[in-house]
Each structure stands twice: as structure tokens, then as C-alpha cells.
Protein chains: 4
Amino acid sequence: MSAPKGIASTPAPRRGRPRSEARKQAILQAAFELLEERGLAATSMDAVAERAGVSKATIYRWWDSKELLALDALYAAWDTAGPVARQTGTLRAEMLALVRPWVRLVAAGPSARILTALLAEAQNDPAFGQAYRAHFVEPRRDQARAVFWRAIARGEIPAGIDVEVAIDLLWGPLYHRLFHGHAPLNDRFARRSVDTVLAGILPRETTSPD
Amino acid sequence: MSAPKGIASTPAPRRGRPRSEARKQAILQAAFELLEERGLAATSMDAVAERAGVSKATIYRWWDSKELLALDALYAAWDTAGPVARQTGTLRAEMLALVRPWVRLVAAGPSARILTALLAEAQNDPAFGQAYRAHFVEPRRDQARAVFWRAIARGEIPAGIDVEVAIDLLWGPLYHRLFHGHAPLNDRFARRSVDTVLAGILPRETTSPD
Amino acid sequence: MSAPKGIASTPAPRRGRPRSEARKQAILQAAFELLEERGLAATSMDAVAERAGVSKATIYRWWDSKELLALDALYAAWDTAGPVARQTGTLRAEMLALVRPWVRLVAAGPSARILTALLAEAQNDPAFGQAYRAHFVEPRRDQARAVFWRAIARGEIPAGIDVEVAIDLLWGPLYHRLFHGHAPLNDRFARRSVDTVLAGILPRETTSPD
Amino acid sequence: MSAPKGIASTPAPRRGRPRSEARKQAILQAAFELLEERGLAATSMDAVAERAGVSKATIYRWWDSKELLALDALYAAWDTAGPVARQTGTLRAEMLALVRPWVRLVAAGPSARILTALLAEAQNDPAFGQAYRAHFVEPRRDQARAVFWRAIARGEIPAGIDVEVAIDLLWGPLYHRLFHGHAPLNDRFARRSVDTVLAGILPRETTSPD
DNA sequence: CGGTAATCGAGACGGTACGTCATGTCTTACA
DNA sequence: TGTAAGACATGACGTACCGTCTCGATTACCG
């Protein structure tokens, strides 16, 4: 195979007719619209091709599968997700700065439907799973790691804290409500959740017995 | 339609040839095996029918879709999940009693793959979503609610606690690791997670500022 | 098998509950109506059972297959086809007496549709073919044979005539129009057809060279 | 739909991948073989696809139904049926030249089984009926018309003859034996049949009374 | 007159084919 | 070489029908 594939990157100019960047954007746009309207399962590649005014072959030249396209489309649509958490001085403020934009972004649209579909695919296809985590999981964990490390550096929380566990305690409840939908995912829940986790982490006199 | 469909119940059949219970079990068994081996997407109704020694029409007579069948099959396979949490006296012990069997059950097999597939379907089909929650979400929440209420009654935790939030804090991190697979879901993580949440809930001298 | 089947006859009394003749008639009636409305292919046994107010098992106790039922139903509906050809003295008159009632009967309703379906089945299943011919072909040939034999006895036509060929010449063109539908099958065509055949059979001076 | 369907023609394809003529032939060939072996009812589209080494979708892309495919397949297999009747000078010779190749063709193989199945379908579906007549009925009638007209032009038979009726008298008996199978369809029968019809048509002294 | 043996209504069931649809590949002609 | 158009293999889908079966309820007759 001569062209770089999978999750698309802009190729270096080669011989022959160059790939059209405009078409790539049209495909991503069309794919995202259809995903929003119908979800992944009900979005066919033919439909994407038609709405983008593009042939199926062109799509498959950029992405190897429908799922990879969906991953890219969702990721591209979220690129406007805003800047990373600013260093605001307290752990609580930084945790909220991390979590709130995500809640706003995700609670609004039909993101849960698309995300769970990608999640399911990630369980079936290990390679896709890697891509999924690299796009949607690790970036947020990296940000969170930085937040907790800064708090440790400031002395806000003990150095002995298991940061990985703390990250799961931070994000887990939010994803839980997003995916299962048993109760609303809103700013109030985010605050309560963050506060409780924080209370569990911050140093205190009596610790729970092992 | 005269017969109850979707999630099967065992009504009192009066007229006509009665449904074969043996075949129902064979179908559920075959479905579960295939789900374990291949996941939901790669399990075809034809394959289920063949392995169960049953015709496709028979399956569709009792389950409206592959997803509802998978829901039933997984649920039936988990019915041996063991007794509910015993009243062990302390909140921590009861939380662990709730969570540990689930972790063992889920971490062992390929449950995550099946569960995420069902989750994705639940997002696409509201009716299925209800069935999903009624089978896999609400029962555990009910148990957890009872656990927290007992702790309140005992005076272990303040009555003002938002139990629903607490439940999400308990289960969220566990599901998070199960679904995203970025780190192991084991007993150690369960203990740490429970302890931190507990520390966040239990009364202390200094509370976090609002 | 204890009961006489295939083309049904009224059985001799045996032990146990006797078969209901009324139900048999209801089945034949329902079958004929549906055949008229939809043709054989679009008539399902379930539909016959429902319209007759009878269970499928009852139908299959009388007839071995849908086709045999259809054969019986059409035959029963035609039993009112009128008396056999009267001996009217001339060959031409008797031929017309033979052919005209059939033309009237067949040209009116949707018989061609049913008959061709039975014909097709007769080609696939030799046993059914025998039943078909015994019901719809041989009776008419027998009548025609008698007609020609009387004409020979009267000296109207030479004894050397091949009666079997003559019968095919008489009926062939009529069936041709019935089945192919390229031109109307009416009394005028029947007369012309009969006259031409007659002219070919009656003795003349010059015969065609061999 | 942009492509011509039903009975295939060979248009000038412009855009996109052109239809594979080899596959078309493979389908027609496979269909004809299966029709010969099993008849129309027992020939499944899956079986045709498998034997032709082709997907079912490809078959349905070009033929709307099994029956239209069968029509095409039988027609294609008969295209080698030989040249049209030569002008041999006498009506009798030309009638025989018309009829004999058909008798040979049809009496040999299992054509009757296929033809009656198509006939039955023609009765159920008017559109198919048109196609059937256009392929299997009208061409032969056209040839026969020409034969009779030439005979009239030569003065062999009176101009007042009803040619349409004559054609039915010519073909009717042959189809009759083919379809009903009560007696052999062979060259001897064809000769006798033609001679009798001829005798009924040719001018004579005494005509039958009205 | 009560037991026995068949028929009957209802409907579950195995099997088989149907015709449709979506994925991802391939084949043309054109740009 | 990239692209639009669209044919193609593969394989699952959910439906429909046939003819068989399994129940419980019904009806005759026969002892």
C-alpha cells in the first residue's frame, strides 16, 4: 500500500494527482452529520459518500473502515472542545476545569450514542481499541495526571496517592451516567462527584482501616 | 400477537402446542456460548439456530431481535451470580460484598465485550435501553441503595448524603475500567476505590469549601 | 396411515370420532374462493384454514398437499358443469355440445390461472400428474371418443380416422387460447375451430399428398 | 434505477464499472442447467448463484425475479434453435418446416416442465405474461403468419381464410400434447396434425353446413 | 352409560427460500 | 495517480410458507 491510512494524516506530496483535502473535510462533515442523526449502525458508507458528494473508493483510500472514519469524524468535531485546563492554583478548581467542558460537550448532543458504538467496536477489534483509547481516553488521563501531579507538588495532597486510581474515580462516575443514562449528567453532578472524590483524597486524621 | 415476547416470561399456556422449555434453554445456552466466543456483532442468528438445533423462526417467535436474545442469554448465564449482599454490619464490608462478586464475574470472562455491545444498542433503541437498565443496572442500584440506607440508619453516615450520587461513585470507576480497559479491574482496585469513596462520604472535621 | 387420503373420498365409519363432512366442504369452498382471488401460489394453507374456520391439521388429514386440495377444490366447483353431450345426431352438433359449455365455464372466471398452476405441478410430480389427467383431461377425452365413435358408426366419417389425433385437434386450439391468452376464447372461435377440424376430417375427393 | 432490467439488453454503458458479460452468461448457463435438472420450483436463486460462481445480489441486479431469469435462460438456450422456415414453395412444406424443429427441440428435453412453470407465472403476473408471449408465442405466430400469407399470395388457399384461427389450429394441438402429456409428441403426430388442418383449410367442393 | 379412540382447534416447530441490505474490493473512463 | 460511478463477492438479515408435531378438548361408537 502506497498511501498512509488508518486514521488519516495529511500526506506528503507524491507523484500523480494529489489527494483532495477539501474532499476529506467533506467526508468528515458528512459522516459526523449522519452519525448525529442516525448513530453508527444506521450510517452506511454509501450514505456518507452520497452526502459528501464523493465516491466510496475515495473514502476507503483515507480510512480503512467505517469505525475508523467515525472515530475521526467525532474527534474532528470535538477539536473545538476548548483549551486545556488552566493552572488555577487549587486541585478542586483544576479538576472542575477539566471536567466541566466535557460534561457540557457530551451532555448536549448525541455523543453517547456514537461513543458507545465506538466502545463496542474497540472491544471487538484490539487495534481499533488502541486507536480509540489514544483519541478519547489517554488525552484526558494525561491532563488529569498533570493536575494531580501539580497538586502533589504544591503539597495539597500526599505524594503517596495512587494517581491512576484517582483518575478513574474522577472520570468513572461521569462516564457511568453518560453511558447508562439512569440519571442526569449535569454540572451539579460533576461538582458533587468531584467534591466527594476530593474529600476522599485529601489528608485527614482518621483513615479507614485496611 | 397472543404470546408475550421480548424478555421471556413463563405464562400459563392454555391452547395449542405449548412452548418447548428445553428448546428455550438450548437457544439461550447456544447464544451465550457464541457471544462468549465471538461477541455480539459476529454472532449470527443462523449460527445460534444451528448450534441450538432449532430453526430461526423459533428464535424470532420468542425474541424480537438478536440484542434482546443476547440480553436474555447473558442475564440467564449470570443468574448463578450468587446471593445478595449479607448484612455484615459495616458500610465498608457491605460495599465490598456488593462489588467483589461482580468484579470476579466480570473480570474473568469476555463479559465486557458483550456488555458494551448491549450498551451501544441501548443507546440506539430506547425500548431496549429500558430492558437493559431493568436487567443490569437497576438491580445493582437497588442493592446499593439498601446498603447505604442501612448505613444511614446505623448512623454510620449522615442522613443528608445524596445516595444516588454515592451509588454512581461506587459503580462508576469499576465500569470505567471494565469498558475502557486502560488498566486492570481487580480486587485491589475495587478495595482502593471503595475506600476512597468511603473516605469522601464519612463525616470528618474539615469539609471541602464550596 | 389409517385414513384414506390423497383425493378425498367419504370414509367408511370407523372407531373414534368420525370426520366432519361439513368441515370438508367448508375447506373446499374456502380453498376455491382463495384460488379465485389470488391464484395457487398466493394461497397459503394457513389462509385456507382461517377462512374455513378449521385447523391446518384437519386439512392435511384430508389432503396430502396444497396442490391436491386445489385440484379437488376446482373439480368440486366444476361439478355443476352440466350434463354430458347429448346425442344430437350430427358430429358437428355433438362436438359443439362438448366444447361450448367448457368454453363458457372457462372463459368466464379465473380458471386459466388455477389450471396452469396445476399443470405446472403435474409436470413436477408424476403422481400428481396422473391425478390431474384423471380429473381434467381423461373425462373430456372419453366424451370426445364416444362422439367420434358414434360418428363413425353413423358413417359420417371414415373408420380409418385416428380418433386420438382428432381429439387433440379439437381440444388443442381451445386450450391454446386459454393458456396463452393471445386472442379471445369465445363461442365464435370454438365454432370456427370445430368447423375447420371437421372439414379436415370429413371425406373429400382430393387428399393431400404424403 | 439507471440500468435496464428484466430481460437484459446490451446498452452502451458509459460510467462506472461495466457489467461483466462473462458473469451474465455464467448465470444464464447455470440457471438453464438447474432448470433442466430440477424444474423452476426446485431451483433456488442461491443454487443458481452458487453454480454460476456469482453472488445473489448480482443476479437480482439484472433480473427482478426467478421467473424472468428462467425466461431469459430458456430463451438463450433455444437461440440455437436453427434458422427460420425457408420458402419451400408449398404451404404444407412450410408448415412442417415451421413445426418440426420445434417438436424435435421440445420433445427431447425437459422443456415442458419449464414452459408450464413459466406459463403459470404468466397467468399470475400480467407483466411477465407480456414478456412470455413476446419471447415464446409471438415470434412463432409471426413466422406462421408469413407462411399463410405467402400461401394466399400464391393462391394455394383462399384470401378469406382467418389466419389467426389457422395459426391456433396449427400450434394448439402440439402444445396440447406437450403440456398434458397424454400421448406422445413426435414427428408422426406433427404430420398428421398439419395434414388434417391443411385439409380443413384447402378449398373443396362441399363445405360443411352452418 | 362410561371407556376408548379417533377428530378437532390452536399453535409451536424444523426446514428452506425468499428478496434486501451493507461492507469493502475491483474495474472502467475521465481528469 | 485520484476520482466518480457503480458492479461485484460475501454474508446476515427478518419474513413467509409448508407440512409435522403436540397439547387439551371434543365427539362418536362400543362394550
Side-chain angles (χ1 to χ4, degrees), chain A residues 2-3 13-20 23 41-47 49-50 53-67, chain B residues 2-3 13-20 23-24 41-47 49-50 52-62 64-66, chain C residues 2-3 11 13-20 23 41-47 49-50 52-67, chain D residues 2-3 13-20 23-24 41-47 49 53-62 64-66:
Chain A
S2 60
R14 292 186 314 289
R15 293 178 26 82
R17 176 174 174 177
R19 289 190 189 169
S20 162
R23 282 186 178 85
T43 295
S44 76
M45 291 299 255
D46 287 88
E50 192 185 5
V54 140
S55 84
K56 262 201 297 180
T58 301
I59 303 182
Y60 279 103
R61 199 165 293 113
W62 288 92
W63 296 273
D64 275 326
S65 72
K66 182 169 78 164
E67 287 75 23
Chain B
S2 61
R14 208 54 52 196
R15 292 244 281 265
R17 176 174 174 175
R19 152 157 214 201
S20 161
R23 280 181 180 90
K24 177 186 171 185
T43 295
S44 74
M45 292 300 254
D46 288 86
E50 193 185 5
V54 138
S55 86
K56 236 190 330 174
T58 297
I59 303 182
Y60 279 106
R61 207 191 317 281
W62 299 109
D64 276 324
S65 72
K66 185 167 71 166
Chain C
S2 60
R14 290 185 314 291
R15 291 178 33 79
R17 175 175 173 176
R19 290 189 187 167
S20 161
R23 281 184 177 88
T43 295
S44 76
M45 290 302 254
D46 287 87
E50 192 184 6
V54 140
S55 83
K56 261 202 297 180
T58 300
I59 302 183
Y60 279 103
R61 200 165 292 115
W62 288 92
W63 295 274
D64 275 325
S65 72
K66 183 168 78 162
E67 287 74 22
Chain D
S2 60
R14 207 55 52 196
R15 293 244 280 266
R17 176 174 175 176
R19 151 158 215 199
S20 161
R23 280 182 179 89
K24 177 185 170 182
T43 295
S44 75
M45 292 301 252
D46 287 85
V54 139
S55 84
K56 238 193 326 177
T58 297
I59 303 182
Y60 279 106
R61 206 191 318 283
W62 299 110
D64 277 323
S65 70
K66 185 167 72 167

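In the text below, chain A, chain B and the rest are named by the order of the sequence lines, each starting its count at 1. Fair warning: this is a prediction, and the values are worked out from it, not measured in the lab.
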Residue whose closest nucleotide on DNA chain F lies nearer the 5' end, D:A57 versus B:S65: D:A57

C:A41 or D:R17: which one's nearest nucleotide on DNA chain F is closer to the 5' end? D:R17

For the pair made of [atom1] in [X] and [atom2] in [N], what is the distance, rounded to whole Å?
{"X": "C:Y60", "N": "E:dC13", "atom1": "OH", "atom2": "P", "answer": "19 Å"}
{"X": "B:E50", "N": "F:dA12", "atom1": "CD", "atom2": "P", "answer": "11 Å"}
{"X": "C:M45", "N": "F:dA16", "atom1": "CE", "atom2": "C1'", "answer": "15 Å"}
{"X": "A:D46", "N": "F:dA4", "atom1": "CG", "atom2": "P", "answer": "14 Å"}
{"X": "D:I59", "N": "E:dA17", "atom1": "CD1", "atom2": "P", "answer": "14 Å"}
{"X": "D:R61", "N": "F:dA9", "atom1": "CZ", "atom2": "C1'", "answer": "10 Å"}
{"X": "C:W63", "N": "E:dT7", "atom1": "CH2", "atom2": "C1'", "answer": "14 Å"}
{"X": "B:K56", "N": "F:dT15", "atom1": "NZ", "atom2": "P", "answer": "10 Å"}

From [X] [atom1] over to [Y] [atom2], what is the distance, rounded to the nearest 0.5 angstrom?
{"X": "A:Y60", "Y": "A:S65", "atom1": "OH", "atom2": "OG", "result": "7.5 Å"}
{"X": "B:T58", "Y": "B:R61", "atom1": "OG1", "atom2": "CZ", "result": "5.0 Å"}
{"X": "C:S55", "Y": "C:M45", "atom1": "OG", "atom2": "CE", "result": "11.0 Å"}

Okay, side chain of B:K66, backbone of B:T43: is any donor-acceptor separation there less than 3.5 Å? yes

Is any side-chain N or O of [X] closer than 4.0 Å to OP1 or OP2 of [N]?
{"X": "C:T58", "N": "E:dG9", "value": "yes"}
{"X": "D:W62", "N": "F:dA7", "value": "no"}
{"X": "D:S55", "N": "F:dA9", "value": "yes"}
{"X": "D:R23", "N": "F:dA9", "value": "yes"}
{"X": "B:K66", "N": "F:dC13", "value": "yes"}
{"X": "D:R15", "N": "F:dG6", "value": "no"}

Mapping B:A52 and D:T43 onto DNA chain E by nearest heavy atom, which one lands closer to the 5' end? B:A52

Might you work through the side-chain contact (heavy atoms from CB on, under 4.5 Å) test for C:R23 and C:W62, ending with a clear yes or no? CA-CA 10 Å; C:R23 281 184 177 88; C:W62 288 92; 5.7 Å; no

